[in-house]
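Quick note on labels: first sequence line is chain A, next is B, and so on, each numbered from 1.
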Amino acid sequence: MQSYEAIYAVVRQIPPGRVSSYGRIAILAGFGGQARLVGYALHALRLSSEDEVPWWRVVNHRGLITNAYEPALQRALLEAEGVVVDANDRIDLRDYLWDAIL
DNA sequence: CAACTGACTGCCG
DNA sequence: CCGGCAGCCAGTT
């Protein structure tokens with residue numbers, strides 16, 4: 001799945017204490033709107049330990065953690081990064097959404 | 001080969 | 001902001 005490498009590259013560019021949505025990653029990776037593929041790529045990444053990819057910094061466009069495996073783990077990692085997570089596993093994108101300004 | 005499912009998103013209300 | 005519906009791609013059954 002070398003095609004997904006673009007997705008991993010974008011996710012790695014997310015700075016600590018910041019989060020991004022699947023759709024954003026898809027656009028930045030050149031997939032344009034195909035957000036589901038991003039989730040697929042991250043899923044595969046979890047199974048195969050490649051380089052360190054901060055998959056936990058990726059949430060849906062509502063700021064809600066849609067992780068189907070270890071949502072509690074993702075929440076813990078985000079809090080460790082300094083991100084404030086709501087009791088309902090939700091994040092305030094107004095302040096934590098990464099705009100990829102480089 | 002067709003149908004189903006899934007770490008999603010945009011549009012409507 | 002939340003819930004529902006449709007569209008999208010890839011992997012399974």
Side-chain angles (χ1 to χ4, degrees):
Chain A
M1 299 296 187
Q2 294 111 348
S3 302
Y4 293 144
E5 192 60 31
I7 297 175
Y8 302 143
V10 176
V11 177
R12 282 196 212 93
Q13 291 167 47
I14 303 176
R18 287 286 192 288
V19 298
S20 186
S21 61
Y22 294 93
R24 291 271 185 181
I25 301 299
I27 296 172
L28 294 174
F31 283 74
Q34 302 177 198
R36 308 188 95 165
L37 299 186
V38 178
Y40 244 9
L42 294 180
H43 177 207
L45 175 68
R46 203 186 103 73
L47 297 177
S48 61
S49 303
E50 297 198 16
D51 299 303
E52 292 184 40
V53 180
W55 56 267
W56 55 86
R57 294 176 188 157
V58 184
V59 296
N60 71 348
H61 73 121
R62 277 165 52 180
L64 182 67
I65 297 175
T66 56
N67 194 311
Y69 284 87
E70 301 294 311
L73 174 62
Q74 181 168 6
R75 189 177 68 204
L77 289 169
L78 287 171
E79 291 182 326
E81 297 288 283
V83 178
V84 179
V85 183
D86 191 276
N88 195 23
D89 296 328
R90 203 179 80 211
I91 303 171
D92 190 344
L93 295 178
R94 299 176 310 163
D95 302 331
Y96 295 102
L97 180 61
W98 176 55
D99 273 321
I101 305 173
L102 293 176

Whole angstrom value for the distance that separates [atom2] of [N] from [atom1] of [X]:
X: A:I25; N: B:dC8; atom1: CD1; atom2: P; value: 14 Å
X: A:Q34; N: B:dA7; atom1: CD; atom2: C1'; value: 16 Å
X: A:L93; N: C:dC2; atom1: CG; atom2: P; value: 11 Å
X: A:L45; N: B:dG6; atom1: CG; atom2: C1'; value: 17 Å
X: A:L64; N: C:dC2; atom1: CG; atom2: P; value: 8 Å
X: A:L28; N: B:dT9; atom1: CG; atom2: P; value: 13 Å
X: A:L42; N: C:dA10; atom1: CG; atom2: P; value: 16 Å
X: A:Y8; N: B:dA7; atom1: OH; atom2: P; value: 15 Å

Residues A:E70, A:R75: salt bridge by 4.0 Å N-O rule: no
[options]: which one has an atom nearest the side-chain heavy atoms of [X]?
X: A:R62; options: B:dG6, C:dC2, B:dA7; value: C:dC2
X: A:Y40; options: B:dG10, B:dG6, B:dA7; value: B:dG6
X: A:W55; options: B:dG6, B:dT9, B:dA7; value: B:dA7
X: A:Y69; options: B:dA7, C:dG7, C:dA10; value: B:dA7
X: A:Y4; options: B:dT9, C:dC9, C:dA10; value: C:dA10
X: A:T66; options: B:dG6, B:dT9, B:dA7; value: B:dA7

Phosphate-side-chain proximity, A:H43 and B:dG6, N/O vs OP1/OP2 below 4.0 Å: no
A:R90 side-chain N/O to C:dC2 phosphate OP1/OP2 under 4.0 Å: yes
Expected output: side-chain A:Q74 to main-chain A:W56 donor-acceptor under 3.5 Å: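 Side chain of A:Q74 to backbone of A:W56: a pair is present.
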A:Y96: which of A:L78, A:V83, A:V59 passes side chain to side chain contact (heavy atoms under 4.5 Å, CB included): A:V83
Sole candidate of A:I25, A:V10, A:L28 that passes side chain to side chain contact (heavy atoms under 4.5 Å, CB included) when paired with A:V38: A:I25
Given DNA chain C, 5'-ward residue of the pair A:L37 and A:G33, judged by closest heavy atom: A:G33
Sugar-phosphate, base or nothing in reach of A:N60, heavy atoms under 4.0 Å: sugar-phosphate
Sugar-phosphate only, base, or nothing, as touched by A:R24 at under 4.0 Å among non-hydrogen atoms: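 The residue A:R24 makes no contact with any strand.
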Nucleotide opposite B:dA2 in a Watson-Crick or G-U pair, distances under 3.5 Å: C:dT13
Full working for side chain to side chain contact (heavy atoms under 4.5 Å, CB included) between A:V58 and A:L42: CA-CA 9 Å; A:V58 184; A:L42 294 180; 3.9 Å; yes
